[in-house]
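In what follows, a structure is listed as structure tokens, so that the remarks can point back to it.
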There are 2 protein chains.
Amino acid sequence: MTETRWLTEQEQEVWRTFISAVDAFVDHLERQIQRDANMPYTYYEILVALSEAPDRTLRMSELAGARSSSRSRLSHAVARLEEVGWVRRLACPTDKRGALAQLTDEGFAALQEAAPGHVTAVREKLFDRLTPEQVVALGEISHALLDGLPEGAARRQALNR
Amino acid sequence: MTETRWLTEQEQEVWRTFISAVDAFVDHLERQIQRDANMPYTYYEILVALSEAPDRTLRMSELAGARSSSRSRLSHAVARLEEVGWVRRLACPTDKRGALAQLTDEGFAALQEAAPGHVTAVREKLFDRLTPEQVVALGEISHALLDGLPEGAARRQALNR
DNA sequence: CCCCCCTTGTTGAAGTCTCAATCTTCTTAG
DNA sequence: CTAAGAAGATTGAGACTTCAACAAGGGGGG
């Protein structure tokens, strides 16, 4: 094992600022959704993914892939969402192992109610605070990050669809 | 309530890339620490904060402030860290309500073992993938973000110490 | 055709986080 | 000095995530 390459003073400063900002930002979004829509952010993302799918329906595995979530987590989450009536499970016609998750009308309505607050939060806390050049830079930086992460593969595919 | 200002096509693209990158990146760090040091990332951050404090000791509330964590969460976390022997609780001499958390030698050793892997991950997945200009830009963007977040106040103070 | 293995999805247990309630101690207006 | 309110910290319950184990269906080589 080679010597650890520690961070320079400047890198350390950037690193701490970055991780703090990300933490605070994500925290803000999560609380906003939880307050306004009474669901965790990850559930919101599931509803969004379903709402964009044909027939508002996706295989569990596709849904897990799209959200880069483990099957287990998704299974628990969909169980919960089914309890509150926002998602319903269907048998997969082509593969008896499979299960389909479908967004219900109630789920779609809940999503429509939650969306404006969420978008406003993203706008106010992110885009309104950055210059156009910074927005471009952020996009490029994010791509660079994603390219270096194995976990990013599924996400990259989802983005390029 | 005024009309929702939705995201432009470009903003949407940047937004999805950004949130995916952050998710994948944070996920990667968390798993790395969990695998190598057998503790969640938040516990690692607690140990770091303690290790940098005088006498490796901090008031619970200061520790919560530094990590922007709720008192409750910190209390649970320190209880857990105490169980494994990495932190010890002391009575606060000046305030009978207070409690001090102190990093034990075992905790410090665990931190020293975990640090190289963590720094290497940050280096490889973040700094090695960005140009010097991007690093600067990322610092500025992070500051801008932090400035807009109420939750960021405590973090900003911690950074400016 | 059949057996072995891979994939899909679920389950239960254990760990962590949030929220609200609580207890104690400090602070300060009166 | 005292009473009321603020601040520090803990606790327990409920919710979410992870991990490992499992059940059950598909699919290909012999």
Side-chain angles (χ1 to χ4, degrees), chain A residues 23-24 26-35 37-47 57-84 86-102 151 154, chain B residues 23-24 26-35 37-47 57-84 86-102 151 154:
Chain A
D23 256 33
V26 168
D27 198 63
H28 180 78
L29 285 190
E30 275 171 358
R31 285 173 191 285
Q32 186 269 321
I33 283 279
Q34 181 72 54
R35 226 182 324 100
N38 199 37
M39 71 180 124
Y41 190 70
T42 52
Y43 289 19
Y44 177 80
E45 286 188 303
I46 291 173
L47 298 192
T57 303
L58 280 175
R59 282 284 296 261
M60 293 296 283
S61 52
E62 293 179 297
L63 194 45
R67 295 295 112 203
S68 280
S69 151
S70 72
R71 293 178 194 293
S72 168
R73 174 177 171 179
L74 190 63
S75 197
H76 285 295
V78 168
R80 195 85 180 76
L81 287 170
E82 203 172 18
E83 263 180 36
V84 300
W86 288 349
V87 167
R88 117 183 86 238
R89 269 185 242 245
L90 305 173
C92 178
T94 65
D95 185 338
K96 281 181 194 160
R97 290 170 305 178
L100 300 175
Q102 181 177 46
E151 302 89 338
Chain B
D23 257 32
V26 168
D27 199 62
H28 179 78
L29 286 190
E30 275 170 358
R31 286 175 190 284
Q32 185 269 322
I33 283 279
Q34 182 73 53
R35 224 181 328 97
N38 199 37
M39 70 178 127
Y41 190 68
T42 52
Y43 289 17
Y44 177 80
E45 286 187 302
I46 291 173
L47 298 193
T57 304
L58 281 175
R59 282 285 293 263
M60 293 296 283
S61 52
E62 293 178 298
L63 195 46
R67 294 295 108 204
S68 280
S69 150
S70 72
R71 292 178 195 293
S72 167
R73 173 177 173 180
L74 190 65
S75 197
H76 285 296
V78 168
R80 193 86 181 78
L81 287 169
E82 203 172 17
E83 263 180 36
V84 299
W86 289 348
V87 166
R88 118 182 86 239
R89 268 185 242 244
L90 306 172
C92 178
T94 65
D95 184 339
K96 282 182 194 157
R97 290 170 306 180
L100 300 174
Q102 182 176 46
E151 302 88 340

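Because only heavy atoms are used, hydrogens play no part in the values below, and waters and symmetry mates are left out as well, while side chains stay in. Residue numbers start from 1 in every chain, and the chains themselves are labelled A, B, ... in the order their sequence lines are given, proteins ahead of strands.
- Residues B:Leu100 and B:Arg59 have side chains in contact (heavy-atom distance under 4.5 Å, counting atoms from C-beta outward).
- Rounded to whole Å, the distance from CD on A:Glu30 to P on C:dC19 is 11 Å.
- Protein atom CZ of B:Arg67 is 18 Å distant from nucleotide atom C1' of C:dT16, rounded to whole Å.
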Please encode protein proximity along nucleotides 7-16 of chain D as a string of B, S and -, counting only heavy-atom distances under 4.0 Å.
BSBBBB--SS

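- Contact check for A:Arg80 versus A:Glu83: side-chain heavy atoms found under the 4.5 Å cut-off.
- The phosphate of D:dC19 has neither OP1 nor OP2 within less than 4.0 Å of any side-chain N or O from B:Arg35.
- Closest heavy-atom contact between A:Glu30 and A:Tyr41: CG-CB, 3.6 Å.
- For the atom pair CG of B:Leu74 and CD1 of B:Ile46, the computed distance is 5.0 Å after rounding to the nearest 0.5 Å.
- Under the 4.5 Å side-chain criterion, counting only non-hydrogen atoms from C-beta, A:Met39 is not in contact with A:Val84.
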